[in-house]
Amino acid sequence: KTLNIFVFTVGFNASLLHAAAKANRSSMIDLLCRMGLSPDIRGGYDDATPLHIAAWNNCLDAAKELVRCGASIELRSGRHHNNTPAGWAVVAG
């Protein structure tokens with residue numbers, strides 16, 4: 001396995017949509033979703049969705065765009081936290 005800055009920053013098995021969410025890049029989220037990437041794609045830490053990542057990192061523009069693209073606000077993360085994006089936002093402060 002090769003570790004690189006993408007894996008270090010966004011997480012193993014994370015997608016470009018996860019990276020765009022963490023960087024609060026709503027225009028990139030829009031583009032990726034229009035290209036067919038699911039806004040509910042799983043990956044990165046705790047099998048999170050991009051909306052989990054946006055919520056954790058206080059990226060409001062990204063969160064709004066993900067919801068506009070159809071991201072579910074009810075999906076729970078993996079077994080470590082088993083929580084919704086709103087739960088991640090609360091814990092992150």
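This chain uses plain numbering: 1 for the first residue, then up along the sequence. Treat the numbers as computed from the prediction; the structure is a model and nothing was measured.
In this structure, Tyr45 and His81 have side chains that are in contact, with non-hydrogen atoms separated by less than 4.5 Å. When side chains are defined from C-beta on, Leu51 counts as touching Val67, because their heavy atoms get closer than 4.5 Å. Proximity of Pro39 to Thr49: side-chain heavy atoms (C-beta onward) are nowhere separated by under 4.5 Å.
Here Ser38 pairs with Asp40 under the side chain to side chain contact (heavy atoms under 4.5 Å, CB included) rule; sequence neighbours left out. Every residue meeting the salt bridge (Lys or Arg N to Asp or Glu O under 4.0 Å) condition with Arg34, not counting sequence neighbours, appears here in chain and number order: Asp30.
Applying the side-chain hydrogen bond (donor to acceptor under 3.5 Å, both in side chains) rule to pairs touching residues 57-66 yields Glu65-Arg68, sequence neighbours excluded.
Using bins of under 30°, 30° to 60° and over 60° for the plane-to-plane angle, the ring pair Trp56/Trp88 lands in the perpendicular bin.
Annotation: the span from Leu32 atom CG to Cys69 atom SG amounts to 9.0 Å, rounded to 0.5 Å. Atom OG of Ser26 is separated from atom CG of Leu66 by 9.5 Å, given to the nearest 0.5 angstrom. In this structure, the separation between CZ on Arg76 and CG on Asn82 is 4.5 Å, given to the nearest 0.5 Å. Note that CG of Asn24 and CD1 of Ile53 are 13.0 Å apart. Values are rounded to the nearest 0.5 Å.
Nearest heavy atom pair, residue Ala54 against residue Ala63, reads CB-N, 3.9 Å. In plain terms, the two heavy atoms of Thr84 and Ile73 that are nearest each other are CB-O, 3.8 Å. The two residues Cys59 and Lys22 make their nearest non-hydrogen contact at SG-O, 3.5 Å. Ile41 approaches His18 most closely through the heavy-atom pair O-CE1, 3.4 Å. Heavy-atom minimum distance, Ala92 versus Ala55: CB-O, 4.5 Å.
For Asn83 and Ser77, the side-chain atoms include no donor-acceptor pair closer than 3.5 Å.
Counting non-hydrogen atoms of other residues, nucleotides and ligands closer than 6.0 Å to CZ of Arg25 gives a total of 12 or fewer.
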- I would like to know whether Arg79 and Asp47 meet side chain to side chain contact (heavy atoms under 4.5 Å, CB included); could you show each step before the answer? CA-CA 8 Å; Arg79 63 185 174 102; Asp47 204 26; over 6 Å; no

